[in-house]
Every structure is written in C-alpha cells, then in structure tokens.
There are 2 protein chains.
Amino acid sequence: MHFDDKIPIYYQIKTHIYHEIIMGTLQPGEKLPSVRQLALDVTANVNTVQRALSEMIAAGIIDSKRGKGNFVTMDETKITDLKTQLITEQVARAYQQLHALNLSDEEILNSLKHYMTQRGNVE
Amino acid sequence: MHFDDKIPIYYQIKTHIYHEIIMGTLQPGEKLPSVRQLALDVTANVNTVQRALSEMIAAGIIDSKRGKGNFVTMDETKITDLKTQLITEQVARAYQQLHALNLSDEEILNSLKHYMTQRGNVE
DNA sequence: AATAGTGTAATAGGGAAATAGAACACTAGT
DNA sequence: ACTAGTGTTCTATTTCCCTATTACACTATT
C-alpha cells in the first residue's frame with residue numbers, strides 16, 4: 001500500500017478501509033481480514049492496524065468480537081452517514097483550499113471540469 | 001494560526017505563505033516579516049519557520065538575503081507557475097478522493113455545486 | 001483437553017518533528 | 001567601533017508515530 005509520509009499511517013489505513021466499506025468492497029456484516037493479515041496486506045505493524053481499527057470501532061463503523069474477528073456494522077444508516085460525512089469533508093476542504101488561492105466559485109468549477117476532460121482524454 | 005496535527009507544522013506554514021503570495025497579500029519583491037516575527041505570528045518555533053522558508057528558498061519563490069531579510073521573488077513567472085501547480089494538485093487530490101468514494105464525474109460536480117449554494121446562502 | 005485462530009495490551013527501541021536556547025554571520029544605522 | 005536587527009546553524013530535549021516482540025483473553029474445532 002502506498003503511504004503519504006506527511007500523514008500518519010494509522011490514519012491512512014482508516015481512510016482506506018472506510019473507502020472499501022463505502023464502495024461496497026466490504027459489505028455490511030462482513031468479516032474483515034484478521035489484524036495480522038491486514039498488517040501483512042498494507043505492510044504495516046499489527047499495532048498500527050489496531051490503532052486504525054480502534055478509531056473505527058469507537059466510531060461504531062466496525063464491531064469487534066474478541067476471538068472471532070472484526071466485522072463491518074450491520075447498521076447501513078451509519079455507513080450512509082459516513083459516506084455523506086467523508087464527501088462533505090473532501091468537498092469543503094478542496095473548496096476552501098482553492099478559495100484561498102483566490103479562485104472564484106466559477107473558476108473552481110472550471111478547474112475541476114478542465115481536469116476531468118484532461119483525465120478523460122488520457123484514459 | 002490553526003494547525004492540523006496530522007500534517008507537519010513546517011509544511012502548513014509553507015502552504016500558508018504560498019497562499020499569501022498567490023493572493024497578492026505578499027507582493028513580488030516584498031520583504032517578509034523576520035523569521036523571529038513570523039515565529040511569533042504563527043506561534044511556532046524559529047527553527048520550524050526556518051525549515052519552511054528553506055524549502056521555499058530552494059524552490060526559488062523566496063530570495064534570502066543574510067542580514068537583510070527574506071523577500072518574495074521578483075520573477076512573476078515563478079509565482080504564476082506556483083499557482084498553477086497548487087491548483088492542479090488540489091483539484092487532482094480532491095477528484096481522486098471523491099472518485100475513490102465511488103462518485104461519478106457528474107456526482108462530484110453536483111456535490112461541489114451543492115456545497116457552493118449552501119455556503120452562498122449562509123453568508 | 002488441546003490447538004489454532006482471533007482481538008487486545010504492554011514493553012522497548014528507533015526516527016522524525018517540534019521546541020528551547022545559544023551562538024554565529026552579515027547588514028544598516030548611530 | 002558599537003548596536004540592533006537580520007538570516008543561519010547547532011545542540012539538547014520532548015513528543016508522537018511506528019516497529020518488533022511478547023504475552024494475554026477469548027472462540028471454535030478437533
């Protein structure tokens with residue numbers, strides 16, 4: 001797994017698993033790989049994985065069952081809320097960053113559209 | 001100054017000053033506050049500020065003159081290039097993050113538009 | 001009971017970031 | 001010459017992140 005050395009690894013693992021849950025790669029109620037297997041998958045330490053999981057457990061997205069495994073919550077409302085929250089965070093942060101670069105709303109939209117067309121042509 | 005504890009302070013200082021240059025708060029050729037004053041302004045250590053400045057100096061955006069001060073480059077091309085670079089980085093990162101949440105191009109645009117209208121009504 | 005596979009916790013050590021403090025190098029004004 | 005204000009560099013210390021290792025607690029299977 002590719003890590004941005006500017007951001008703590010445990011945080012990037014958490015984001016990565018959140019994405020898998022939201023994309024449906026991990027379904028509600030589904031069992032996650034064991035912490036030891038996850039550690040191998042992302043080439044990080046068990047403790048680092050555990051720290052990421054702890055935060056997701058505290059957030060109610062993951063249910064931890066000692067001796068059995070970690071499971072994605074069955075509560076689909078929580079997942080929907082999580083998705084909304086992550087999207088809003090991303091959009092808000094991007095908007096504020098670009099606004100801080102003196103771009104108007106229209107310029108921000110145009111930059112994004114331009115990026116999309118560029119990207120579309122390359123693939 | 002507000003810091004995100006997930007990202008190194010020196011890096012956030014650098015971004016902050018870059019924004020001031022691009023917005024024109026700091027004009028080409030203008031003298032920056034002294035490193036000691038900057039440290040007070042952002043409530044960080046002189047060494048941390050110096051580290052941020054070192055990277056901007058290396059990038060050719062800041063000219064350092066020992067005994068006199070730090071100055072924004074007179075080369076406006078470099079500033080224009082910097083702006084383009086930062087915009088592209090922000091747009092690309094936001095797009096990729098939202099794309100990773102399974103949003104189509106259209107949905108990404110709509111999320112942004114929605115955020116803008118919401119924001120517009122509040123202010 | 002024994003074993004293997006889980007989550008959980010504790011310890012010890014290394015490294016990067018940030019701080020505090022001091023010192024050095026240069027410039028300008030007095 | 002002196003002094004004050006600059007950038008620059010160095011050392012020491014602290015804190016957080018990450019790793020490695022070990023141990024403990026629980027579950028299911030045999």
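- Across the protein-nucleic acid pair, B:Gln50 atom CD and C:dC24 atom P stand 18 Å apart, rounded to whole Å.
- Following rounding to the nearest Å, A:Ile13 (CD1) and D:dT19 (C1') show an atom-to-atom distance of 12 Å.
- For D:dC17, its base never sits under 3.5 Å from the side chain of A:Asn45 at any donor and acceptor pair.
- Rounded to whole Å, the distance from CZ on A:Arg51 to P on C:dG7 is 19 Å.
- When hydrophobic residues (I, L, V, M, F, W, Y) are linked wherever their side-chain heavy atoms come within less than 4.5 Å, A:Leu40 remains an isolated member.
- Here A:Leu32 contributes atom CG and A:Leu53 contributes atom CG; the two are 7.0 Å apart, rounded to the nearest 0.5 Å.
- Among residue pairs with one or both ends in residues 86-96 of chain B, none qualify as salt bridge (Lys or Arg N to Asp or Glu O under 4.0 Å); sequence neighbours excluded.
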Mind running side chain to side chain donor-acceptor pair (under 3.5 Å) on B:Asp81 and B:Gln85 for me, showing each step along the way? CA-CA 6 Å; B:Asp81 290 349; B:Gln85 177 198 327; over 6 Å; no
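- Residue A:Ile7 contributes atom CD1, which lies 14 Å from atom C1' of D:dC17 at whole-angstrom precision.
- The stretch residues 68-75 of chain B touches DNA chain C through B:Lys68, each having a heavy atom under 4.0 angstrom from the strand.
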Mind listing the N/O atom pairs, protein and nucleotides 13-15 of chain D, below 3.5 Å?
none

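- Residue pairs meeting the side chain to side chain donor-acceptor pair (under 3.5 Å) criterion with at least one member in residues 57-66 of chain A, sequence neighbours excluded: A:Ser64-A:Asn70.
- Note that the NZ atom of B:Lys6 and the CG atom of A:Asp4 stand 13.5 Å from one another [nearest 0.5 Å].
- In this structure, the side chains of A:Ile108 and B:Met116 come closer than 4.5 Å at one or more pairs of heavy atoms.
- Every residue meeting the salt bridge (Lys or Arg N to Asp or Glu O under 4.0 Å) condition with A:Glu55, not counting sequence neighbours, appears here in chain and number order: A:Lys14.
- One finds a side-chain N or O of A:Thr48 lying less than 4.0 angstrom from the OP1 or OP2 phosphate oxygen of D:dT19.
- Judged as a ring-ring contact (aromatic ring centres under 6.0 Å, His included), not a single pair has a partner in residues 29-51 of chain A (not counting sequence neighbours).
- Judged as a ring-ring contact (aromatic ring centres under 6.0 Å, His included), the pairs with a partner in residues 46-98 of chain A (not counting sequence neighbours) are, in order, A:Tyr95-A:His99, A:Tyr95-B:Tyr115.
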Compile the donor-acceptor pairs under 3.5 Å between side chains in residues 17-31 of chain B and protein atoms, sequence neighbours left out, one pair per line.
| from | atom 1 | to | atom 2 | distance (Å) |
| --- | --- | --- | --- | --- |
| B:Gln27 | NE2 | B:Gly24 | O | 2.9 |
| B:Glu30 | OE1 | B:Gln27 | N | 2.7 |

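- Counting to the nearest Å, the P atom of D:dC17 and the NZ atom of B:Lys6 are 8 Å from each other.
- Of the residues in residues 57-67 of chain A, those lying under 4.0 Å from DNA chain D by heavy-atom distance are A:Arg66, A:Gly67.
- Other members of the hydrophobic cluster containing B:Ile7, listed by chain and number, are B:Tyr10, B:Tyr11; membership follows side-chain contacts under 4.5 Å among ILVMFWY residues, whether direct or relayed.
- Between the CG atom of A:Asn47 and the C1' atom of D:dC17 there is a distance of 11 Å, given to the nearest Å.
- When the P atom of C:dA16 is taken as reference, atom CG of A:Asp5 falls 11 Å away, rounded to whole Å.
- Residues from residues 26-42 of chain A that place a heavy atom under 4.0 Å from any atom of DNA chain D, listed by number: A:Arg36.
- A heavy-atom distance below 4.5 Å is not found between the side chains of B:Thr73 and B:Ile62.
- Distance check, rounded to the nearest 0.5 Å: CE of A:Met56 to CG of A:Leu82 gives 10.0 Å.
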